[in-house]
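All residue numbers in this chain count up from 1 along the given sequence. Note that ligands are numbered from 1 as they come in the structure, with each ligand's atoms numbered from 1 the same way.
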Amino acid sequence: MVSLNDVKKAHEEINDIIHKTPILTSSLLNVRCDREVYLKAEHLQKTGSFKIRGAANAVKQAMAEGACFITAASSGNHGQAVAYIANQLGIPAVIVVPEDANRAKVSAIKAYGAEVEYCGLTSADRIPRAKQRAKENNGVYIPPYDHPAVIAGQGTVALEILQQVMEVDVIVVPVGGGGLMAGVLCAVKNMKPTVRVVGVEPESANDTFLSLRQGEITAISETSTIADGLRTLQPGNLTFPILKEHLDDSVLVTEAEIIETLQFLMERTKQLVEPSGAAALAAVMSGKVGGKNDKVAVILSGGNIDLHQISNMLES
Ligand SMILES: *Cc1c(COP(=O)(O)O)cnc(C)c1O
């Protein structure tokens, strides 16, 4: 479905667009976790999250196939990533966002040069509208995770981790719709299958955890986790079979564990990470992943958080 070669090709396609983000370490963190921890700093990525990897690969592919218009349906990191890359590549884009979308996020999308259209409140309203706008304009709709080019693009982060962290034992990845995880698995399980890969979700957004336990895609009815990038209600049709086949373990973190981890990252390592971006590290810091002598690589997946949100969290 998505081969190691697809991930390698994606890396060649997007290499000059993305940052090769650094690996951060902290001796205090190693002491706290009682193991060596390596943080893959995707919060320092262009547009503030790894989403640019998949978006850049998918938009380039669509353009190579003749598209002259791009749409997406997200006010979050995917919407920002698609807006940015469309602008860079000189192709017009419309990002369909919910009527109650966060203003800061909408202005970021506009600043990247995309048109913003408000539509409804749920993805069931937004996605058909984004697809329709694409169809009307000889364009292509870019989904946030359930697309082979998006999965291959997200997998490029794993190629970098395998190169940057010698003899890594475990890679810990946050899971929303599963695009990032599916990409990581397609790369790691074909290149270094002995490396264990662990997925992390908030307790209240445990759709992938439940789906893996049931052996089939299982939806949850709602979630209000602060980790807004992980609020998907079910894993994707393309992503889930990859997770089901290859994922070594799936663990859950509480809201309090996510907030404590954000505070630690800010105070001790001076890194500003959003709640979804801190979930994987929260699992390691609360002792839910790996053994004592493991070298653990953790994806800090994004850093888009506004000061208002931070002050609310620090008061809670
Ligand atoms: C989208 C996103 C995720 C989850 O990625 P999926 O591919 O949907 O599983 C995790 N963290 C951040 C910051 C995100 O933007």
Side-chain angles (χ1 to χ4, degrees), residues 2 7 10 21 39-58 72-84 102 105 108-109 123 127 142-158 171-187 197-202 205-209 211-212 217 223 225-240 242-243 247 250 253 258 261-262 265 271-283 298-306 309:
V2 177
V7 180
T21 53
L39 304 173
K40 178 62 171 165
E42 287 291 297
H43 62 300
L44 305 176
Q45 186 51 269
K46 293 247 175 92
T47 73
S49 82
F50 72 90
K51 289 281 197 321
I52 189 64
R53 295 174 182 268
N57 193 44
S74 151
S75 60
N77 290 341
H78 175 64
Q80 292 188 38
V82 171
Y84 173 86
N102 175 307
K105 291 185 172 174
I109 291 170
S123 57
I127 294 172
I142 309 285
Y145 50 86
D146 226 16
H147 185 293
V150 172
I151 293 171
Q154 316 304 31
T156 61
V157 72
I171 301 179
V172 193
V173 183
V175 178
L180 177 61
M181 177 56 97
V184 167
L185 290 169
C186 290
V197 181
V198 178
V200 180
E201 290 173 294
N206 60 347
D207 51 295
T208 292
F209 177 88
S211 299
L212 290 167
I217 293 177
T223 170
T225 174
I226 50 165
D228 53 0
L230 309 181
R231 275 184 201 152
T232 40
L233 300 178
Q234 61 179 73
N237 293 323
L238 287 183
T239 58
F240 181 66
I242 300 173
L243 273 57
L247 189 58
S250 159
V253 290
I258 293 174
T261 302
L262 278 182
L265 282 166
Q271 301 301 311
L272 192 55
V273 173
E274 65 182 275
S276 305
L281 183 60
V298 178
I299 300 180
L300 299 182
S301 53
N304 290 325
I305 181 168
D306 58 51
Q309 217 185 337

Item checked: Under 4.0 Å to a heavy atom of Leu230 - the qualifying atoms of ligand 1, by number -> 3 (C), 4 (C), 10 (C)

Margin query: Asn57 vs Val150, test: side-chain contact (heavy atoms from CB on, under 4.5 Å). Steps then yes/no.
Written below: CA-CA 6 Å; Asn57 193 44; Val150 172; over 6 Å; no

Note to self: Working note: Asn102 + Ser75, criterion side-chain contact (heavy atoms from CB on, under 4.5 Å); need CA distance, chi angles, decisive distance, verdict.
What the structure shows: CA-CA 8 Å; Asn102 175 307; Ser75 60; over 6 Å; no

Margin query: Under 3.5 Å between any N/O of Glu274 and any N/O of ligand 1: does that happen in this structure?
Written below: no

Next item on the list: Taking all heavy atoms of Asp228 and all of Glu274, pick out the closest pair and write down the distance.
Entry: OD1-OE1, 3.9 Å

Note to self: Below the 3.5 angstrom mark, is there an N/O of Phe50, backbone or side chain, next to an N/O of ligand 1?
What the structure shows: no

Checklist line | Which of the ligand 1 atoms, numbered from 1, are nearer than 4.0 Å to a heavy atom of Gly179 | finding: 6 (P), 7 (O), 9 (O)

Margin query: Test side-chain contact (heavy atoms from CB on, under 4.5 Å) on Phe50 and Val157; report intermediate values, then the result.
Written below: CA-CA 8 Å; Phe50 72 90; Val157 72; 5.5 Å; no

Checklist line | side-chain contact (heavy atoms from CB on, under 4.5 Å) between Val175 and Leu230, worked out | finding: CA-CA 6 Å; Val175 178; Leu230 309 181; 5.8 Å; no

Check: So, is Gly302 polar-close to ligand 1, with some N/O to N/O distance under 3.5 Å?
Finding: no

Margin query: Pairs of nitrogen or oxygen atoms closer than 3.5 Å, one from Gly178 and one from ligand 1: do any exist?
Written below: yes

Item checked: Sub-3.5 Å N/O-N/O distance, Ser49 and ligand 1 -> no

Check: Looking only at distance, does Gly176 have an N or O less than 3.5 Å from an N or O of ligand 1?
Finding: yes

Notebook entry, point to check: Does any N or O atom in Pro144 lie less than 3.5 angstrom from one in ligand 1, N or O only?
Noted result: no

Next item on the list: For atom 8 (O) of ligand 1, grab the closest protein heavy atom and report residue, atom and distance to one decimal in Å.
Entry: Gly177 N, 2.9 Å

Next item on the list: Grab the two heavy atoms, one from Ser276 and one from Gly229, that are nearest each other, plus how far apart they are.
Entry: OG-N, 2.8 Å

Check: Less than 3.5 Å between some nitrogen or oxygen of Asn77 and one of ligand 1, yes or no?
Finding: yes

Next item on the list: Heavy atoms only: give me the nearest Ala55-Ala81 pair and the separation to one decimal.
Entry: CB-CB, 3.9 Å

Notebook entry, point to check: Can you tell which part of Lys51 has a heavy atom less than 4.0 Å from ligand 1: side chain, backbone, both or neither?
Noted result: side chain

Next item on the list: Taking all non-hydrogen atoms of both residues into account, name the closest pair between Leu262 and Ala278 and its distance.
Entry: CD2-CB, 3.7 Å

Next item on the list: Measure the distance from atom 11 (N) of ligand 1 to every protein heavy atom, then report the residue, atom name and distance (to 0.1 Å) of the closest one.
Entry: Ser301 OG, 2.6 Å

Check: Which of the numbered atoms in ligand 1 are below 4.0 angstrom from a heavy atom of Ser276?
Finding: 11 (N), 12 (C), 13 (C)

Next item on the list: Of the side chain and backbone of Thr232, name the one, both, or neither that has a heavy atom under 4.0 Å from an atom of ligand 1.
Entry: neither

Check: What are the two closest heavy atoms between Ile299 and Glu42, and how far apart are they?
Finding: CG2-CG, 4.3 Å

Check: If every non-hydrogen atom of Pro148 is compared with every non-hydrogen atom of Leu238, which pair is closest and at what distance?
Finding: CD-CD1, 3.6 Å

